Chemist: 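Sharing a structure, written as structure tokens. Questions coming.
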Amino acid sequence: MLPPARLTPAPLPPGATIGIVGGGQLGRMSAMAAARLGYRAHILTEEADGPAAQVAAGITRGGYEDEAALRAFAAGVDVITFEFENVSAAGLDLLAGLRPVHPSPAILGISQDRIAEKSFLNRHGIATAPWAPVEDRASLDAAIARLGLPAILKTTRLGYDGRGQARVATPEEAHAALARLAPKPLVLEGLVDFACEISVVVARGADGRIASFDPVENRHAHGILDLTFAPARIPEDTAAQATALGRQVAEALDLVGLLAVEMFVDRNGTLRVNEIAPRPHNSGHWTIDACPASQFEMHIRAVAGLPLPIATRHSDAVMKNLIGPADMALWPEILASPGLIPHHYGKAEARPGRKMGHVTRLFPRGSLPGDFGIAGALGCLAPAEGCDRQDERP
Ligand code: AMP
């Protein structure tokens, strides 16, 4: 049953301007979705010619902590959202005092800090990896005594794509990682022996209604997302639990906007939330090609106060990230491969580890092939070397 409709502000009319903080590919694809709905996207970015700026109606060039830039940005927009989470609390408060901000600064505050995030989830009865805060040698030793080794030591803020973390197998390695990782505090996480990693992307409108994309399965290579399989190849009841978890997190946060919930599926089928991201997510890029309304359209609709369509996929899909110069060397071949749907982010320089674009391949619903078929279907784009293969499924 749908929750009762709340009194909400009128939807933004076509021609209104949506401010997006952050100028990367997530902003680019959100701006393109906004344009399709008749809105103008205005980007706050440090880069004059970045991925989002190239397709936006306007930009304010400046830093995310630059008060004058934040004020100028807010003055030119009707509502504000994010593709980039790491804006300071002071910056967020400033923006929220000037224009409606969705998702709320409180939600960004939770997602910016792994300790706040895990505490929030656990308080709502949602399982995570076992964890303990680490400030110094004594708290690290206490955390090791409680959680055991091997474990993962992570920064609580500003980590992404596997940066700012270290797997540690011995107390000596843990002490060395403590000295190296900054800023403090850190968090020590017990290693989850997962069968696969999945994520759920959920949109929640101003009226509290939710649209949830099917859970997908994610494979990483060298700490960066390599492949997303839609849907995740997990039992139906696990998928239903994952969807319910996504909804629970969105409701607990009182979200207006879009949220990705990353989870581990352990070998008993138990779900543990790893991270939440209150913005479009790399594991949702497949929705552009496989769903009537993509995650980016859902994001814009939620922020603009429009109704949310059902998030049902019309096709199964596999999405492959194009990372750095090696993948981009294949661009001409990708363009010449029938069935590969190319997405280029407009970045000038293909540095190693940099997300340059992605490709999607669609399959009739219900016919997503196994690993071997996927490798064949991607042709020149076989899974990246080092891609963590999971042969056992829960
Ligand atoms: P994160 O930055 O937290 O998203 O971590 C990056 C990747 O490291 C995840 O996608 C997992 O593959 C792996 N990882 C992170 N935390 C854990 C954990 N507690 N147990 C096992 N693997 C993990």
Side-chain angles (χ1 to χ4, degrees), residues 26 84-86 110-122 126-134 140 143-144 146-169 173-174 177 180-183 185-201 215-229 232 234 242 246 249 259-285 319 321 323 353 355 383-384 386-394:
L26 302 176
F84 170 87
E85 288 152 75
N86 292 323
I110 291 170
S111 72
Q112 282 172 348
D113 180 321
R114 288 187 198 270
I115 292 179
E117 183 177 81
K118 289 177 199 302
S119 305
F120 173 86
L121 293 166
N122 294 163
I126 296 169
T128 56
W131 62 278
V134 169
L140 176 59
I144 292 173
R146 188 151 80 72
L147 304 179
L149 291 174
I152 305 189
L153 195 58
K154 299 181 180 178
T155 54
T156 51
R157 305 179 77 85
L158 304 175
Y160 68 99
D161 287 345
R163 288 173 220 206
Q165 53 183 270
R167 281 187 188 226
V168 293
E173 281 177 20
R180 199 169 65 239
L181 290 172
L186 308 173
V187 62
L188 189 73
E189 284 184 29
L191 209 58
V192 178
D193 180 23
F194 57 79
C196 64
E197 295 188 77
I198 63 169
S199 55
V200 172
V201 173
V216 297
E217 184 181 333
N218 300 317
R219 302 271 188 85
H220 298 84
H222 316 295
I224 303 177
L225 183 67
D226 180 43
L227 291 172
T228 293
F229 300 83
I234 52 177
V249 176
L259 172 77
V261 183
E262 297 178 27
M263 310 172 202
F264 300 123
V265 186
D266 79 11
R267 300 203 179 261
N268 307 315
T270 304
L271 298 174
R272 290 173 196 278
V273 173
N274 177 33
E275 268 188 323
I276 62 173
R279 54 166 171 76
H281 193 258
N282 196 168
S283 71
H285 291 359
M319 188 283 313
N321 266 340
I323 310 283
K355 291 177 180 168
C387 180
D388 315 320
R389 291 186 151 267
Q390 305 292 328
D391 295 324
E392 284 174 53
R393 317 241 139 249

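Sequence positions, counted from 1, serve as the residue numbers for this chain. Just so you know, these numbers come straight off a predicted model, no measurement behind them. Order of listing sets the numbers, starting from 1, for every ligand and every atom in it.
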Chemist: Show the numbers, then the answer: is there a side chain to side chain contact (heavy atoms under 4.5 Å, CB included) between Thr156 and Leu186?
Modeler: CA-CA 5 Å; Thr156 51; Leu186 308 173; 5.6 Å; no
Chemist: In terms of atom number and element, which parts of ligand 1 are under 4.0 angstrom from non-hydrogen atoms of His220?
Modeler: 10 (O)
Chemist: For Glu275, is there an ion pair with Arg114 - N to carboxylate O distance below 4.0 angstrom?
Modeler: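 Judged by the 4.0 Å cut-off on N to carboxylate O distance, Arg114 and Glu275 do form a salt bridge.
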Chemist: State the CZ-OG1 distance between Arg272 and Thr128, to the nearest 0.5 angstrom.
Modeler: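 If I round to the nearest 0.5 Å, the distance is 7.5 Å.
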Chemist: Answer yes or no for Gly164: is there a heavy-atom contact with ligand 1 below 4.0 Å?
Modeler: no
Chemist: I need the atoms of ligand 1 closer than 4.0 Å to a non-hydrogen atom of Ala129, numbered in the order shown.
Modeler: 19 (N)
Chemist: Does Glu117 use its side chain to pair, donor to acceptor, with the backbone of Ile276 at less than 3.5 Å?
Modeler: yes
Chemist: Using a 4.0 Å cut-off to any heavy atom of Gly190, which atoms of ligand 1 qualify?
Modeler: 18 (C), 19 (N), 20 (N)
Chemist: I'd like to check the side-chain hydrogen bond (donor to acceptor under 3.5 Å, both in side chains) partners of Thr228; sequence neighbours left out, ordered by chain and number.
Modeler: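 Thr228 satisfies side-chain hydrogen bond (donor to acceptor under 3.5 Å, both in side chains) with Asn218 once adjacent residues are dropped.
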Chemist: Is there a polar contact between ligand 1 and Phe264, counting only N or O atoms under 3.5 Å apart?
Modeler: no
Chemist: Suppose I only count heavy atoms of Glu262 and a 4.0 Å limit; which atoms of ligand 1 are within that range?
Modeler: 4 (O)
Chemist: Below 4.0 angstrom from a heavy atom of Leu191, which ligand 1 atoms are there? Numbered from 1 as shown, please.
Modeler: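 Reading through ligand 1 atom by atom, the close ones are 20 (N), 21 (C).
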Chemist: With sequence neighbours left out, write down each residue that passes side-chain hydrogen bond (donor to acceptor under 3.5 Å, both in side chains) with Gln112, or none if nothing qualifies.
Modeler: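 With sequence neighbours excluded, Gln112 shows a side-chain hydrogen bond (donor to acceptor under 3.5 Å, both in side chains) to Arg157, given in chain and number order.
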Chemist: Number the atoms of ligand 1 from 1 as they appear, then name those within less than 4.0 Å of a heavy atom of Ile152, with their elements.
Modeler: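 By the 4.0 Å cutoff, the relevant atoms are 14 (N), 15 (C), 16 (N), 17 (C), 18 (C), 22 (N), 23 (C).
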Chemist: Which bit of Asn274 gets closer than 4.0 Å to ligand 1, counting heavy atoms only: side chain, backbone, both or neither?
Modeler: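 For Asn274, the contact with ligand 1 is made by the side chain alone.
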Chemist: Heavy-atom pairs closer than 4.0 Å: do any link ligand 1 to the side chain of Arg114, the backbone, both, or neither?
Modeler: side chain
Chemist: Would Phe194 count as a contact of ligand 1 if the rule is a heavy atom under 4.0 Å away?
Modeler: yes
Chemist: Any chance you could measure Leu271, atom CG, to Ile234, atom CD1, to the nearest 0.5 Å?
Modeler: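 Spacing of CG (Leu271) from CD1 (Ile234) equals 7.0 Å.
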Chemist: Nearest 0.5 angstrom please: His285 NE2 to Asn321 CG, how far?
Modeler: 6.5 Å
